[in-house]
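As structure tokens, the structure follows; a few thoughts come after it.
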Amino acid sequence: SNLQLIGMRWDGVSVPPGATIVNAYIRFTMEDGKNHDGPIDVLIRGQKKDSGGGFTTATGNISKRLKTAAEGGYGEGGTDAAVRWQTSTYYAGNQKFVTPDISSVIQEIVDHPDWGGAGSGAEDDVLLILYETPASEGGTQPTGRYETDSSDVNSGEPELYIQYYTGPPPSVERSLT
């Protein structure tokens with residue numbers, strides 16, 4: 001299959017082991033002059049901590065990360081959780097856009113036993129992969145091509161936002177008057 005794959009990595013993300021993720025999303029800025037010729041229909045999946053390290057230029061380096069070890073992937077491969085992101089919007093250059101809530105994907109990553117250096121700290125790397133939703137999973141083909149360039153200071157790098165709490169869930173008190 002010739003599905004478009006995009007791998008992203010954020011180094012040193014500060015989320016304590018055991019945290020509960022309540023909201024997470026990625027914010028992008030569409031680069032002016034780049035291709036953005038259709039609506040978005042992608043799946044967002046994460047990569048578990050002990051499964052492959054940073055991205056390389058090797059053939060299949062990103063696509064193998066979506067598979068389990070039995071399927072020929074790296075370690076445990078991709079997260080079980082995946083979030084589908086569909087839009088009907090065509091984005092213009094320099095326009096910001098935001099993914100839907102990906103907290104289920106981030107939760108699975110930070111719940112991994114090796115998150116945070118196996119308890120030695122609260123910072124670790126988050127690797128996410130966006131890929132076109134395959135027709136076998138109800139994807140609308142072809143998906144438009146979108147490009148951002150993190151080396152261009154005008155477009156900005158994709159930003160990962162994570163909201164979490166530690167300890168017991170926050171309590172909500174209500175009083176009736």
Side-chain angles (χ1 to χ4, degrees), residues 4-32 34 36 38-55 62 65-66 76-133 143-172:
Q4 182 180 22
L5 296 157
I6 300 169
M8 294 176 282
R9 178 182 175 149
W10 290 269
D11 296 330
V13 175
S14 295
V15 176
T20 299
I21 309 301
V22 294
N23 187 28
Y25 60 90
I26 307 166
R27 186 174 72 179
F28 298 89
T29 301
M30 188 59 60
E31 186 174 4
D32 194 23
K34 291 289 187 179
H36 34 85
I40 295 171
D41 187 5
V42 298
L43 290 172
I44 303 169
R45 183 166 272 163
Q47 182 182 3
K48 295 179 184 174
K49 171 68 176 133
D50 67 353
S51 47
F55 297 113
I62 296 175
R65 294 166 189 267
L66 298 173
E76 294 179 300
T79 56
D80 293 328
V83 173
R84 189 167 181 186
W85 177 22
Q86 290 180 289
T87 72
S88 58
T89 304
Y90 291 73
Y91 291 95
N94 291 323
Q95 183 177 356
K96 293 187 184 312
F97 57 105
V98 175
T99 67
D101 182 10
I102 59 170
S103 58
S104 61
V105 174
I106 301 299
Q107 187 69 65
E108 192 171 340
I109 293 169
V110 302
D111 283 348
H112 192 277
D114 286 341
W115 175 259
S120 64
E123 289 190 356
D124 219 324
D125 301 339
V126 171
L127 284 80
L128 297 176
I129 300 169
L130 283 69
Y131 60 102
E132 292 175 315
T133 305
T143 295
R145 299 288 190 219
Y146 288 81
E147 298 178 20
T148 63
D149 182 357
S150 62
S151 65
D152 182 344
V153 295
N154 295 321
S155 69
E157 296 180 8
E159 300 171 75
L160 176 63
Y161 291 88
I162 301 174
Q163 181 182 9
Y164 65 89
Y165 66 85
T166 58
S171 63
V172 177

Scan for salt bridge (charged side-chain N to carboxylate O under 4.0 Å, His left out) pairs involving residues 9-21, sequence neighbours excluded, and state none if there are none.
Arg9-Asp11, Arg9-Asp125

For residues 16-28, which residue pairs pass the salt bridge (charged side-chain N to carboxylate O under 4.0 Å, His left out) check, not counting sequence neighbours?
Arg27-Glu159

Going through the checks in order, is the side chain to side chain contact (heavy atoms under 4.5 Å, CB included) test met by Val83 and Thr99?
CA-CA 9 Å; Val83 173; Thr99 67; over 6 Å; no

Going through the checks in order, is the side chain to side chain contact (heavy atoms under 4.5 Å, CB included) test met by Ile26 and Val98?
CA-CA 6 Å; Ile26 307 166; Val98 175; over 6 Å; no

State the [atom1]-[atom2] distance between [X] and [Y], to the nearest 0.5 angstrom.
X	Y	atom1	atom2	value
Ile21	Tyr165	CD1	OH	10.0 Å
Arg45	Leu127	CZ	CG	14.5 Å
Ile102	Leu128	CD1	CG	5.0 Å
Leu43	Tyr131	CG	OH	4.5 Å
Asp124	Asp114	CG	CG	8.5 Å

Which pair of non-hydrogen atoms, one from Ala19 and one from Thr166, has the smallest distance, and what is that distance?
CB-CG2, 4.1 Å

Return the minimal non-hydrogen interatomic distance between Trp10 and Pro158, and the atom names on each side.
NE1-O, 3.1 Å

Any non-hydrogen side-chain atom of [X] less than 4.5 Å from a side-chain atom of [Y]?
X	Y	result
Ile129	Ile62	yes
Thr20	Gln107	yes
Ser103	Val22	no
Met8	Ile6	yes

Checking side-chain contact (heavy atoms from CB on, under 4.5 Å) between Val110 and each of Ile162, Val13, Val15, which is the one that passes?
Val15

Check: Trp115 side chain, Gly18 main-chain N or O, donor-acceptor pair, under 3.5 Å
no

Results of side-chain contact (heavy atoms from CB on, under 4.5 Å) for Asn23 - residues two or more places apart only
Tyr25, Asp101, Gln163

